[in-house]
Amino acid sequence: MFKYLERSASAIKETSVKVINADFLNRQTEHVVASVSSKSDLSRWIKGSDKDIGGFSSAWLDVTRSGHARFHGYISQLLPEDKRFKRSGYAMIRTHSPKSNLISSGCWDSSLFRYLALRVKADKRKYFVNLKSDTLISTDIYQHLLPIRTPGQWETVVIPFNMFTLTSNGIIMASQPSMASTKMETVGFSLSDRREGPFSLEFAWIKAFNSHRTFGECMRLPYTAAMTWNTDFARLDKTL
């Protein structure tokens, strides 16, 4: 009960500051969804793999000497002893589900932003970015392939929120309702490419953001052919 009241007091304080400092002409341009810079930040994350159901893959989340997160492990295609499982080989990490308080569910609102940006350094494997919103079915997850252009090097990946696809237990759903964007719960990465061997994905932060032309699904300024990411990347990359 004390922790609940403590979270509520903190939320009220943060909300009051936002109201006092509100500038309704210059709306919020970015929101840090998740980041890891020290070992204490690891407590905000959950890791898992097929080892949880008797498989042989492994997943770890560490902090590098440079102060970034490293999601790594080994994907094994060996099947569990349980004959009900016909395939194996996956690993994942995600943030903990939010904790509610008196004035908030603890979820974050992605409807205020157009894009999800991720500062990552990955190998050549095919990772997915996973978003969980408040849904009736607990296995519903919105996914998008992490489009790595320069394996082994740091890069900023940008994905529009409206490009995520609804899946359940790894299967793309025939019906694709929009995510409950005002009630976003968790973000994470997963790997299930069925390739035997080690993997490694480092990341510095995950942010929701608007370009200087957008506010959520709305356009602040008319679209033109000269529209470019350079200014936004320069701002987003300043933390690394």
Side-chain angles (χ1 to χ4, degrees), residues 31 33-34 36 42-61 69 71-101 104-111 113 115-118 120 122 125-148 157 159-196 199 201 203 206-208:
H31 167 70
V33 178
V36 175
L42 297 179
S43 62
R44 303 173 186 171
W45 292 79
I46 295 173
K47 61 181 176 65
S49 69
D50 58 59
K51 189 175 183 179
D52 300 329
I53 57 171
F56 300 92
S57 299
S58 61
W60 303 97
L61 183 62
F71 169 42
H72 64 107
Y74 190 93
I75 294 296
S76 172
Q77 292 186 301
L78 290 176
L79 292 175
E81 294 183 2
D82 190 330
K83 300 303 181 182
R84 292 176 299 174
F85 296 99
K86 303 301 181 184
R87 61 181 184 177
S88 187
Y90 75 85
M92 57 74 68
I93 54 170
R94 68 166 176 84
T95 54
H96 277 283
S97 298
K99 295 181 180 180
S100 62
N101 54 63
S104 170
S105 64
C107 298
W108 56 281
D109 187 353
S110 70
S111 70
F113 306 94
Y115 310 100
L116 187 72
L118 310 96
V120 297
R125 304 192 71 145
K126 292 183 179 180
Y127 298 90
F128 280 89
V129 182
N130 304 324
L131 293 175
K132 178 76 171 68
S133 62
D134 184 16
T135 59
L136 294 176
I137 303 175
S138 61
T139 56
D140 281 358
I141 295 208
Y142 287 85
Q143 293 189 308
H144 194 287
L145 183 68
L146 183 64
I148 298 299
V157 174
I159 307 170
F161 279 109
N162 60 12
M163 295 299 290
F164 280 81
T165 300
L166 176 61
T167 68
S168 184
N169 291 318
I171 299 174
I172 297 176
M173 307 303 293
S175 176
Q176 289 290 318
S178 300
M179 67 177 77
S181 56
T182 60
K183 296 182 178 180
M184 302 301 294
E185 295 181 348
T186 69
V187 63
F189 300 97
S190 62
L191 176 63
S192 57
D193 58 4
R194 315 300 177 194
R195 287 173 49 200
E196 184 92 16
F199 67 89
L201 168 66
F203 63 97
I206 303 171
K207 296 180 180 180

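Side-chain atoms of His31 never come within 3.5 Å of backbone atoms of Ser110 as a donor-acceptor pair (strictly under, hydrogens ignored). Looking only at distances, a side-chain donor or acceptor of Thr95 sits under 3.5 Å from a matching main-chain atom of Val187. Glu196 contributes a side-chain N or O that, together with a main-chain N or O of Gln77, makes up a donor-acceptor pair within less than 3.5 Å. Asp50 contributes a side-chain N or O that, together with a main-chain N or O of Ser57, makes up a donor-acceptor pair within less than 3.5 Å. Side chain of Thr139 to main chain of Asn169: no donor-acceptor pair is present (N/O by atom type, distance under 3.5 Å, no hydrogens or angles). Counting only distance, with no hydrogens or angles, the side chain of Gln176 and the backbone of Thr165 share no donor-acceptor pair below 3.5 Å.
Counting all heavy atoms, side chain and backbone alike, Gln143 lies closest to Asn130 at NE2-OD1, 2.8 Å. The shortest non-hydrogen separation linking Lys47 to Leu61 is CD-N, 4.2 Å. Counting all heavy atoms, side chain and backbone alike, Ala91 lies closest to Ser58 at CB-O, 4.2 Å. The shortest heavy-atom contact between Pro147 and Ile159 is CD-CD1, 4.2 Å. Nearest heavy-atom pair, Asp52 versus Gly48, reported as atom, atom and distance to 0.1 Å: OD2-CA, 3.4 Å. Annotation for Tyr90 and Ser192: closest pair CB-CB, 3.8 Å, computed over non-hydrogen atoms.
Distance check: Ile46 CD1 to Arg94 CZ gives 3.5 Å after rounding to the nearest 0.5 Å. With values rounded to the nearest 0.5 angstrom, Phe113 atom CZ is found 11.5 Å from Ser181 atom OG. Note: Ser49 OG to Ile93 CD1 = 12.5 Å, rounded to the nearest 0.5 Å. In this structure, Met184 CE and Ser111 OG are separated by 10.0 Å, a value rounded to the nearest 0.5 Å. A distance of 12.5 Å separates OG1 in Thr167 from NE2 in His144, rounded to the nearest 0.5 Å. Here Leu145 contributes atom CG and Lys126 contributes atom NZ; the two are 7.0 Å apart, rounded to the nearest 0.5 Å.
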**Audit row: Lys183, Ser133, side chain to side chain contact (heavy atoms under 4.5 Å, CB included) steps and yes/no** = CA-CA 6 Å; Lys183 296 182 178 180; Ser133 62; 5.6 Å; no
**Message:** Applying ring pair (Phe, Tyr, Trp, His ring centres under 6.0 Å) to Phe189 and Phe203, what does each step give before you reach the verdict?
**Reply:** CA-CA 10 Å; Phe189 300 97; Phe203 63 97; 5.2 Å; yes
**Asked** Taking it one step at a time, do Leu42 and Val36 satisfy side chain to side chain contact (heavy atoms under 4.5 Å, CB included)?
**Response** CA-CA 7 Å; Leu42 297 179; Val36 175; 4.0 Å; yes
**Request:** List the steps, then state whether side chain to side chain contact (heavy atoms under 4.5 Å, CB included) holds for Leu131 with Met179.
**Result:** CA-CA 9 Å; Leu131 293 175; Met179 67 177 77; 4.1 Å; yes
**Prompt:** So Phe56 and Lys51, side chain to side chain contact (heavy atoms under 4.5 Å, CB included) or not? Walk me through it.
**Reply:** CA-CA 5 Å; Phe56 300 92; Lys51 189 175 183 179; over 6 Å; no
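The pair Arg125-Asp193 meets the salt-bridge criterion, since a charged nitrogen lies less than 4.0 angstrom from a carboxylate oxygen.
You'll find the side chain of Val157 stays beyond 4.5 Å of the side chain of Leu116, heavy atoms only. Ile172 places none of its side-chain heavy atoms less than 4.5 Å from the side chain of Leu166. Taking the side chain as every heavy atom from C-beta outward, Ser88 and Ser76 never approach each other to under 4.5 Å.
Applying the ring pair (Phe, Tyr, Trp, His ring centres under 6.0 Å) test to residues at least two apart or on different chains, none of the pairs has a partner in residues 169-188.
When the shell of 6.0 Å around CZ of Arg87 is examined, it contains 12 or fewer heavy atoms from other residues, nucleotides or ligands.
Phe71 and Phe199 have their aromatic ring centers within a separation under 6.0 angstrom.
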